[in-house]
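Report on the structure given below.
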There are 2 protein chains.
Amino acid sequence: MSTTEFLRERGIQPSQQRIRIYEALAATTAHPSADTLHRELQPEIPTLSRTTVYGTLELFVAKGIAQRLALTGSELRFDANTSAHVHFRCRSCGAVSDLPGISAPLPPPAPAGYRVESAQFYAEGLCPRCLSL
Amino acid sequence: MSTTEFLRERGIQPSQQRIRIYEALAATTAHPSADTLHRELQPEIPTLSRTTVYGTLELFVAKGIAQRLALTGSELRFDANTSAHVHFRCRSCGAVSDLPGISAPLPPPAPAGYRVESAQFYAEGLCPRCLSL
DNA sequence: ATTCTTGCAAATCATTTGCACTTTA
DNA sequence: TAAAGTGCAAATGATTTGCAAGAAT
């Protein structure tokens, strides 16, 4: 399915900017920030503004086709993989990746009175590259 | 054990500021931000600066007597409870609490090549108070 | 005396907002 | 031609930094 169709199906008007932002996000597992995506797309779409990237990513999250990850407190990272998986952040190089070979623990059952709408599992430590230095 | 002894045992010089910041953090389950703690202690210690609160909380995290929670991307919250438990953030009122009656899923086994040093489980949804409105 | 701790003011950095311009249905 | 989408510049808000003053060993 084309990105255009995919977005339209989710009720998202497929503008050139949105198409390229979604494709760039879906093409990586690096969990980029809005700013990183902006820098990446700048050469291709020189007029693309930060505002559009920020707004578009929020739209994707609202429509359920992207996840927003608050890992460091200073920046938001995004992920087009919305399935349950464990995020890992390396304390040395800061890279965010998915922990391979591990199925994320299921979200806990909601205690009475609560409505749990989403859940995330997040681990921190040293990645293989930094561990071997 | 007094807070003074407690801090000294962890290799933290127990200054008046540090003692009061730790006691304020340990006395609540509201997972306050540095700024919230600063406002809370201001009447009691009028000269207390934000810088000191920020630095002290980072020190507590480094020494392992507090947890740093990045939940929203815009602010860091802190927790003197360092045991494994599930954090919950209400999408409506923004309050951060511990999910009661639930033991946190264990951290996943580290895949080969990784060193996992800490893990957090984080859920989002509606709290009982907002759900009943 | 020397080292650790604190506080102030200014700087930084990601993100948001207000508003005008442009594109699309 | 009305509505939706985009972009720029300025504002915001949490956090950090540089550095001088104060407290503790």
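Each chain gets a letter, A, B and so on, in the order its sequence line appears, and its residues count up from 1.
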I'd like to know if the side chain of [X] reaches the main chain of [Y], judged simply by a donor and an acceptor atom lying under 3.5 Å from each other, with no hydrogens or angles considered.
X: B:Q120; Y: B:H87; value: no
X: B:R77; Y: B:R68; value: no
X: A:Q67; Y: A:N81; value: yes

Looking at [N], I'd like to know if its phosphate oxygens (OP1 or OP2) sit under 4.0 Å from a side-chain N or O belonging to [X].
X: B:Q13; N: C:dC4; answer: no
X: A:R18; N: D:dT6; answer: yes
X: B:S49; N: C:dC8; answer: no
X: B:S15; N: C:dC4; answer: no
X: A:Q17; N: D:dG7; answer: yes
X: A:S74; N: C:dC13; answer: no
X: A:Y54; N: C:dT15; answer: yes

In this structure, how many angstroms lie between the [atom2] atom of [N] and the [atom1] atom of [X], rounded?
X: A:R50; N: D:dA9; atom1: CZ; atom2: P; answer: 11 Å
X: B:H38; N: C:dC8; atom1: NE2; atom2: P; answer: 8 Å
X: A:E75; N: D:dT15; atom1: CD; atom2: P; answer: 14 Å
X: B:R68; N: D:dA14; atom1: CZ; atom2: P; answer: 17 Å
X: A:L59; N: D:dG5; atom1: CG; atom2: C1'; answer: 10 Å
X: A:K63; N: D:dA4; atom1: NZ; atom2: P; answer: 12 Å
X: B:R77; N: D:dA14; atom1: CZ; atom2: C1'; answer: 13 Å
X: B:L57; N: D:dT16; atom1: CG; atom2: P; answer: 11 Å

Q. Where does the angle between the aromatic ring planes of B:H85 and B:H31 fall among parallel (under 30°), tilted (30 to 60°) and perpendicular (over 60°)?
A. tilted
Subject >> side chain to side chain contact (heavy atoms under 4.5 Å, CB included) assessment of A:S118 paired with B:R91 >> reply: CA-CA 11 Å; A:S118 77; B:R91 281 184 179 159; 3.1 Å; yes
| request: Just call it for B:T47: base, sugar-phosphate, or nothing, with non-hydrogen atoms closer than 4.0 Å on any strand. | output: sugar-phosphate
Testing D:dT15, D:dG18, C:dT6 for proximity to the side chain of B:T51, the answer is D:dG18
